[in-house]
Trainee: 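Please read through the structure below; I'll follow up with questions.
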Amino acid sequence: MENNKYHILIVEDDKEIRDGVEIYLKNQGYQVWKAANGKEGLEIVAQEEIHLAILDIMMPVMDGLTLARTCRERNALPAFIMLTSFEEFDYIKQAMGAGVVDYLVKLDLTPENLQTALAKAAEKVKKERALLGELSAQENLAESVRSYQERFFVRLYAGLFPDEAALEQPLQHMELNLASDAYLVASCEIIANTALTPAQQLKLSFSCGRMLETTLQNYLPCYVTGADAMRCNVLFCLTDAQCQKYRTVLRPLLERASQILYNYFTVRLLWAVGRPTGSLLGLARRCRENAHLQPLLTVEQPIQFVEVNEGDATAGKMQVVAQVQEYVKNHLSEKLTLADVAGGLKFSPHH
């Protein structure tokens with residue numbers, strides 16, 4: 001995006017600094033809005049199309065960190081540059097997980113380091129705009145192909161292909177290279193830190209899926225497919241050597257991807273990681289096993305692996321746990337006892 005199309009918000013309680021940054025940005029061709037505190041800045045973000053913001057980290061009424069976090073929760077702004085002083089250095093560390101791409105010490109503020117920070121922020125805006133679907137005509141064609149690929153994976157995970165021969169034609173027509181020694185599906189649940197409307201959930205889920213695939217493909221061949229509003233499945237293609245130590249291979253990758261998505265979208269990811277299989281047709285059963293494991297995931301233990309000998313043997317136990325969790329969630333306003341829950345699910349209290 002050219003400079004004259006970038007909309008920048010300056011939120012700074014020091015008028016001299018605020019006006020000085022505004023003059024520099026306008027001379028560079030940027031469109032600029034100004035506010036004296038975070039509350040005023042939030043009102044501008046709600047009314048105008050702002051692409052990035054330069055924020056003073058310490059301000060009256062609402063500080064820059066609170067403004068950044070509020071905007072991220074609302075998916076309103078992708079990128080921030082923080083203005084700080086030397087004594088606020090420890091405080092700035094908290095901001096680096098709220099969409100902040102750089103910080104500038106006010107006493108050292110120069111056109112050169114401001115321009116460097118703006119270039120960083122512009123790159124982040126560009127990536128996020130692509131993730132949110134603002135694509136060229138050529139990219140839209142690629143998206144059409146991708147929609148067919150998604151349908152293929154939905155059918156594959158549901159077990160709707162009768163045999164290997166039925167897979168041949170779809171694979172030839174959809175530019176999918178799934179030749180591999182082994183396959184593994186990791187099922188991911190996206191946990192937002194704020195309440196979202198259904199439309200916001202879909203938008204966030206789509207963006208997270210795109211970033212997940214981009215990140216993980218740097219390490220392993222994989223495909224990310226949406227499962228529902230806030231869930232997706234990641235198919236990994238593994239070599240025999242990777243398959244032998246798949247837990248060691250995958251855990252650090254999933255941890256890294258989870259941290260990156262938290263930094264961008266402030267979401268937590270919960271991972272149910274399935275068992276490897278040598279056949280694409282075997283993935284449907286693996287997805288069912290993942291579904292039994294998913295209710296056991298927590299933010300404290302966000303990555304869990306289906307046990308090698310588990311399979312369907314403990315599926316019934318996991319299903320019971322899932323039913324109990326669902327029952328309790330649906331009766332939170334009541335004073336529940338063990339007997340109440342057991343009776344509601346037609347189990348014995350001992351069981």
Side-chain angles (χ1 to χ4, degrees), residues 1-132 134 207 260 262-266:
M1 189 186 294
E2 299 173 2
N3 286 2
N4 61 5
K5 294 182 181 177
Y6 265 119
H7 299 177
I8 300 181
L9 171 64
I10 307 166
V11 188
E12 166 64 66
D13 61 325
D14 187 317
K15 186 177 185 302
E16 185 176 344
I17 295 176
R18 186 169 69 240
D19 291 346
V21 173
E22 178 192 22
I23 291 169
Y24 171 78
L25 293 176
K26 285 187 172 179
N27 287 339
Q28 297 299 310
Y30 294 103
Q31 296 188 47
V32 180
W33 281 259
K34 294 188 298 180
N37 57 64
K39 184 173 181 293
E40 291 180 11
L42 197 58
E43 291 171 357
I44 293 173
V45 170
Q47 296 170 8
E48 307 289 345
E49 182 187 7
I50 303 296
H51 299 124
L52 59 95
I54 300 173
L55 312 178
D56 183 2
I57 196 166
M58 298 297 287
M59 291 180 291
V61 186
M62 179 188 289
D63 63 43
L65 182 54
T66 302
L67 174 59
R69 285 174 172 165
T70 303
C71 288
R72 293 300 293 176
E73 288 170 2
R74 299 180 184 180
N75 290 323
L77 265 175
F80 307 91
I81 297 168
M82 285 291 184
L83 300 177
T84 184
S85 59
F86 285 114
E87 60 268 21
E88 295 160 0
F89 183 76
D90 288 337
Y91 191 55
I92 195 69
K93 294 177 184 176
Q94 302 176 42
M96 300 311 285
V100 175
V101 296
D102 207 349
Y103 68 92
L104 300 173
V105 177
K106 293 180 186 179
L107 291 177
D108 293 338
L109 187 60
T110 65
E112 291 75 22
N113 59 30
L114 178 56
Q115 190 57 48
T116 299
L118 287 169
K120 263 195 222 179
E123 184 62 25
K124 182 174 173 62
V125 171
K126 181 180 176 182
K127 288 179 181 177
E128 193 139 335
R129 286 168 66 88
L131 285 170
L132 295 178
E134 300 177 19
S207 300
I260 289 172
Y262 179 78
N263 291 344
Y264 266 79
F265 302 113
T266 325

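Hydrogens, waters and symmetry mates are skipped; everything else that's a heavy atom, side chains included, is used.
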Trainee: With salt bridge (charged side-chain N to carboxylate O under 4.0 Å, His left out) as the rule and sequence neighbours excluded, what pairs involving residues 109-119 come up?
Mentor: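 Sorted result for residues 109-119: empty, none.
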Trainee: Between P111 and Y24, what is the shortest heavy-atom contact and its length?
Mentor: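 In terms of heavy atoms, the two residues are closest at O-OH, 3.4 Å.
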Trainee: Sequence neighbours excluded, which residues qualify as side chain to side chain donor-acceptor pair (under 3.5 Å) partners of D19?
Mentor: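 Listed in chain order: K15, K34.
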Trainee: Is there a side-chain contact between N37 and D13 in this structure, where contact means two heavy atoms from C-beta onward sitting under 4.5 Å apart?
Mentor: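 No, too far: nothing below the 4.5 Å cut-off.
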Trainee: Could you check D56 against D14 for side-chain contact (heavy atoms from CB on, under 4.5 Å), going step by step and ending with a plain yes or no?
Mentor: CA-CA 9 Å; D56 183 2; D14 187 317; 5.8 Å; no
Trainee: How long is the span from the CD1 atom in I17 to the CD1 atom in I10, to the nearest 0.5 Å?
Mentor: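 If we round to the nearest 0.5 Å, I17:CD1 and I10:CD1 are 11.0 Å apart.
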Trainee: When you measure from the side chain of H7 to the backbone N and O of H51, does any donor-acceptor pair fall under 3.5 Å?
Mentor: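 No, the answer is negative, given that no donor and acceptor are paired below the 3.5 Å cut-off.
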Trainee: Determine the minimum heavy-atom distance between E12 and L83, stating which atoms define it.
Mentor: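 Shortest heavy-atom contact: OE1-CD1, 3.7 Å.
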Trainee: Looking at every heavy atom in both D63 and I57, which two are closest together, and how far apart are they?
Mentor: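 Here D63 and I57 meet closest at CB-O, 3.2 Å.
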Trainee: Mind listing the closest non-hydrogen atom pair of V32 and K26 along with its distance?
Mentor: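 Looks like CG2-CG, 3.9 Å.
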Trainee: Run L118 and L25 through side-chain contact (heavy atoms from CB on, under 4.5 Å) and show every step you take.
Mentor: CA-CA 10 Å; L118 287 169; L25 293 176; 3.6 Å; yes
Trainee: List the atom pairs, donor and acceptor, that lie under 3.5 Å between side-chain atoms in residues 38-47 and the rest of the protein, sequence neighbours left out.
Mentor:
from, atom 1, to, atom 2, distance (Å)
K39, NZ, E43, OE2, 3.2
E40, OE1, A36, N, 3.0

